[in-house]
Enquirer: 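Handing you this structure, nothing more for now.
Treat the numbers as computed from the prediction; the structure is a model and nothing was measured.
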Amino acid sequence: MKQLYINPQGGFAGDMFAAALIDAGADKNKVTDAMLMAAEMIGRANVQHVKTSDNCSRMLIDVEHHHGHLSSHKAWHLLEHLFQDLKITPEYRKFGFQMLKELIMAEKEAHDNFDFNMESHHHDNHHHDNEEHEHDHNLNHHHHHGMPEAWLHEAQDILIDITGAVISLQDLQASTNAQLVEPVSYGGGSISFSHGTLKVPAPATQIMIKNNHIPVTAGPIETELFTPTGAAALSALQANTIVSLPDSISAAGQSRGTKDLPIPPLKIYLV
């Protein structure tokens, strides 16, 4: 199994991870088809993989949501169906469900510690990349997986990001554990959403950084570079140590979010 190393100096988001894995050799059609399948479970969707002017990989994802929210209970069951249809093997299934668990638990803790406005707020035609954010609305009860029930609002798009990561890692036969070669750049400034305006990183991202000991650094620009779905992926990958990159690299990939920013791309390496 190939070992996974990540250089997140340009930030880290779920869609960027899938794009970088495609650039490292994952089957582009298989990955985009799987992500489209996930997207169409929550709305009308379009998923494309493109190359940037500096030869980085990029996912263009547009979803018109059927609803403004998705319960974590429903998300779990949708993932179960997706993984069955996509023939995801046990190790990668476990990783995918761990991504969802990390986000749900972080959002629950965020809502226990932050004074949020719990009014429903719908967002359409929107997917989160490395310049945007996700959040979800939580209720204080549990479903049968032992997870607190949550209303995934914009973060319902985590289904797409989980599917992209899982199918890509499986296609590459890459490890579901990773090591970092640099701290994660989380950017700066503030984010405005239905709960108000908060400093970067978003509350759920802060919590996953703290709980999973993810090494981070501020900057290099004043915008959000490390999203909750990205934090959920690195948490599930147990990417909490910084090491030197080995000399013997078998494959590498680089990606960007939806905007061309004056920062390094996300880089991943398979050894």
Side-chain angles (χ1 to χ4, degrees), residues 13-15 17-18 31 33-47 59 61-88 90 92-112 116-128 132-167 170 193-195 202-205 207-208 227-233 235-236:
D15 60 321
F17 186 40
V31 176
D33 287 351
M35 293 176 79
L36 181 61
M37 184 187 300
E40 288 180 338
M41 286 188 162
I42 57 176
R44 294 191 305 176
N46 183 47
V47 178
M59 302 306 300
I61 303 171
D62 182 52
V63 183
E64 183 178 351
H65 299 143
H66 292 319
H67 305 286
H69 60 270
L70 176 72
S71 74
S72 54
H73 179 75
K74 180 69 171 176
W76 193 283
H77 285 289
L78 289 175
L79 271 188
E80 288 179 332
H81 289 298
L82 279 165
F83 290 168
Q84 182 175 356
D85 291 345
L86 294 168
K87 297 180 172 56
I88 303 301
Y92 298 102
R93 286 173 58 93
K94 181 180 177 182
F95 164 74
F97 284 122
Q98 188 63 35
M99 269 189 74
L100 183 58
K101 283 183 184 179
E102 294 287 353
L103 182 67
I104 293 168
M105 296 302 291
E107 292 289 1
K108 174 64 168 63
E109 186 174 338
H111 279 271
D112 286 346
F116 288 141
N117 171 16
M118 297 299 287
E119 292 295 322
S120 178
H121 186 71
H122 291 203
H123 287 253
D124 291 334
N125 294 310
H126 193 58
H127 182 77
H128 301 279
E132 292 165 345
H133 70 280
E134 302 95 325
H135 68 284
D136 52 4
H137 295 173
N138 292 265
L139 304 176
N140 292 318
H141 60 278
H142 292 69
H143 57 64
H144 67 270
H145 298 289
M147 293 293 102
E149 181 69 291
W151 289 110
L152 303 177
H153 222 245
E154 290 107 318
Q156 65 184 282
D157 294 345
I158 192 159
L159 287 181
I160 306 168
D161 294 339
I162 289 174
T163 302
V166 166
I167 197 76
Q170 179 171 291
F193 56 109
S194 58
H195 292 323
T205 305
I207 287 163
M208 285 182 274
T227 67
T229 57
S235 297

Enquirer: For a quick test of reading the model, state the closest non-hydrogen atom pair linking D15 to M59 and the distance between them.
Expert: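 Result for this residue pair: O-CG, 3.4 Å.
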
Enquirer: To the nearest 0.5 Å, tell me how far R93 CZ sits from I162 CD1.
Expert: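 One finds 12.5 Å between CZ of R93 and CD1 of I162.
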
Enquirer: If we only count heavy atoms from C-beta on, is the M208 to L103 side-chain gap below 4.5 Å?
Expert: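 When only atoms from C-beta onward are counted, L103 and M208 do touch, with a gap below 4.5 Å.
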
Enquirer: Give me the ring orientation class for F97 and F83: parallel if the planes are under 30° apart, tilted from 30 to 60°, perpendicular past 60°.
Expert: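 Geometry flag for F83 against F97: perpendicular rings.
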
Enquirer: Determine the sole option in L79, T163, T229 for which the side chain to side chain contact (heavy atoms under 4.5 Å, CB included) test with I158 is passed.
Expert: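 The passing option is T229.
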
Enquirer: Can you tell me how far the CG atom of D33 sits from the CE atom of M35, to the nearest 0.5 Å?
Expert: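 Spacing of CG (D33) from CE (M35) equals 11.5 Å.
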
Enquirer: Over all heavy atoms of both residues, which pair between G14 and T227 is shortest? Give the atoms and the distance, please.
Expert: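 Result for this residue pair: N-OG1, 4.2 Å.
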
Enquirer: Any non-hydrogen side-chain atom of I88 less than 4.5 Å from a side-chain atom of I167?
Expert: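 They are in contact (side-chain heavy atoms under 4.5 Å apart), so the answer is yes.
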
Enquirer: Run the numbers on W76 and L100 for side chain to side chain contact (heavy atoms under 4.5 Å, CB included), then give the verdict.
Expert: CA-CA 8 Å; W76 193 283; L100 183 58; 3.7 Å; yes

Enquirer: Going by side-chain contact (heavy atoms from CB on, under 4.5 Å), name the residues that satisfy it together with L36, two or more places apart in sequence or in a different chain.
Expert: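 If we apply the side-chain contact (heavy atoms from CB on, under 4.5 Å) test to L36, skipping adjacent residues, the hits are E40, A45, V47.
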
Enquirer: CE/M41 to CG/L159 distance, rounded to the nearest 0.5 angstrom?
Expert: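 One gets 8.5 Å once the value is rounded to the nearest 0.5 Å.
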
Enquirer: Which pair of heavy atoms, one from A110 and one from A204, lies closest together, and at what distance?
Expert: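 Scanning both residues completely, I find the closest heavy atoms to be CB-N, 4.3 Å.
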
Enquirer: Quick one: pull up CE in M105 and CD in E107 and give me the separation to the nearest 0.5 Å.
Expert: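 That separation rounds to 12.0 Å.
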
Enquirer: Search all heavy atoms of V63 against all heavy atoms of A39 and return the closest pair with its distance.
Expert: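 What the structure gives for the nearest pair is CG2-CB, 4.1 Å.
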
Enquirer: Drop me the distance from I160's CD1 to M37's CE, to the nearest 0.5 angstrom.
Expert: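 If we round to the nearest 0.5 Å, I160:CD1 and M37:CE are 13.0 Å apart.
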
Enquirer: Could you report the tightest heavy-atom contact between L86 and Q170, atom names first, then the distance?
Expert: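 So the two residues come closest at O-NE2, 4.4 Å.
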
Enquirer: Would you please indicate if the ring centroids of H81 and H77 are separated by under 6.0 Å?
Expert: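 Ring centres of H77 and H81 not closer than 6.0 Å.
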
Enquirer: How would you list, by chain and number, every residue that makes a side-chain contact (heavy atoms from CB on, under 4.5 Å) with Q98, sequence neighbours excluded?
Expert: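 side-chain contact (heavy atoms from CB on, under 4.5 Å) check on Q98 returns K101, E102, A236.
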
Enquirer: For F95, which residues count as a ring pair (Phe, Tyr, Trp, His ring centres under 6.0 Å) partner, sequence neighbours excluded?
Expert: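 With neighbours one apart ignored, the set is empty.
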
